[in-house]
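Let me begin by presenting the structure, written as structure tokens, before commenting on it.
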Amino acid sequence: MEALINDTYLNKSIEKILGCATLALYGEDIRFSVLLAIRDVRDYLINVKAGDPAFNQRVFQNSLTALANSTHPSMPDYKKTIEYAATLMTVELGE
């Protein structure tokens, strides 16, 4: 995977989400795993990463959206998984 964000933890989180997307291609229910990955990202953005958490959240969400948009049309379940992760990032931090 090409590094989308200059942050090792966030890039590893994207890799986890992409791993879930791969499992979705085989019919696995990955929603809970994606939810946990996003929960960990949100915790990291609030408690660890320097800078404005809301801005960092938007950057991460935009990276997921870019990945979803670049997914080949022949892999709709893969794309839906990434889009699901991006939608989980839309909830305001701190809620």
Side-chain angles (χ1 to χ4, degrees):
M1 178 196 90
E2 176 184 332
L4 297 172
I5 302 172
N6 190 18
D7 185 295
T8 303
Y9 182 85
L10 294 177
N11 283 329
K12 287 183 186 223
S13 298
I14 288 174
E15 289 174 12
K16 285 181 191 177
I17 293 164
L18 295 179
C20 290
T22 300
L23 292 174
L25 291 172
Y26 297 98
E28 295 287 326
D29 183 359
I30 46 70
R31 290 174 294 182
F32 187 67
S33 296
V34 172
L35 180 65
L36 291 177
I38 294 299
R39 185 201 65 191
D40 291 345
V41 166
R42 292 167 61 82
D43 182 61
Y44 174 78
L45 293 176
I46 293 169
N47 297 311
V48 178
K49 181 140 177 86
D52 177 23
F55 175 78
N56 292 331
Q57 176 185 2
R58 285 189 301 276
V59 170
F60 189 79
Q61 181 183 5
N62 289 341
S63 296
L64 290 173
T65 301
L67 279 171
N69 290 339
S70 68
T71 300
H72 194 274
S74 67
M75 300 188 319
D77 291 335
Y78 191 89
K79 182 176 181 173
K80 285 178 190 175
T81 301
I82 302 168
E83 290 172 335
Y84 172 61
T87 63
L88 293 173
M89 289 302 296
T90 61
V91 179
E92 292 297 317
L93 286 172
E95 290 184 8

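All residue numbers refer to positions in the sequence shown, counting from 1. Keep in mind it's a predicted model, so treat the numbers as computed, not measured. Only heavy atoms go into these numbers, but all of them, side chains included; no hydrogens, no water, no symmetry mates.
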**Request:** Taking the side chain as every heavy atom from C-beta outward, state whether Asp7 and Phe60 have any atom pair closer than 4.5 Å.
**Result:** no
**Prompt:** If you look at every heavy atom in Arg42 and Leu88, which pair is closest and at what distance?
**Reply:** NH1-O, 3.8 Å
**Item:** Heavy-atom side-chain proximity of Tyr9 to Asp40 below 4.5 angstrom
**Value:** yes
**Request:** Report the residues that fulfil side-chain hydrogen bond (donor to acceptor under 3.5 Å, both in side chains) with Ser70, sequence neighbours left out, ordered by chain and then residue number.
**Result:** none
**Prompt:** So among Ile14, Leu67, Val34, which one has a side chain to side chain contact (heavy atoms under 4.5 Å, CB included) with Ile82?
**Reply:** Leu67
**Message:** With heavy-atom distances below 4.5 Å as the criterion, would you say the side chains of Thr81 and Leu23 are in contact?
**Reply:** no
**Message:** Can you list everything that forms a side chain to side chain contact (heavy atoms under 4.5 Å, CB included) with Tyr26? Sequence neighbours excluded, please.
**Reply:** Thr22
**Request:** Sorted by first residue and then second, give each salt bridge (charged side-chain N to carboxylate O under 4.0 Å, His left out) pair with at least one member in residues 50-78; sequence neighbours left out.
**Result:** none
**Message:** Holding to side chain to side chain contact (heavy atoms under 4.5 Å, CB included), I want the full list of residues that pass it with Gln61, two or more places apart in sequence or in another chain.
**Reply:** Thr65, Ala86, Met89, Thr90
**ring-ring contact (aromatic ring centres under 6.0 Å, His included) partners for Tyr78, two or more places apart** = none
**Item:** Distance (rounded to the nearest 0.5 Å) between Asn62 CG and Gln57 CD
**Value:** 10.0 Å
**Fill in**
Closest heavy-atom pair, Ala68 versus Glu83, reported as atoms and distance to 0.1 Å, is CB-CG, 3.7 Å
**Shortest non-hydrogen contact from Ile30 toward Cys20** = CG2-O, 3.3 Å
**Item:** Residues that Arg39 engages under salt bridge (Lys or Arg N to Asp or Glu O under 4.0 Å), provided they are two or more places apart
**Value:** none
**Prompt:** Can you tell if the side chain of Ile38 reaches within under 4.5 Å of the side chain of Leu64, non-hydrogen atoms only?
**Reply:** yes
**Fill in**
Gly51 and Asn56 have their tightest heavy-atom pair at C-ND2, 4.0 Å
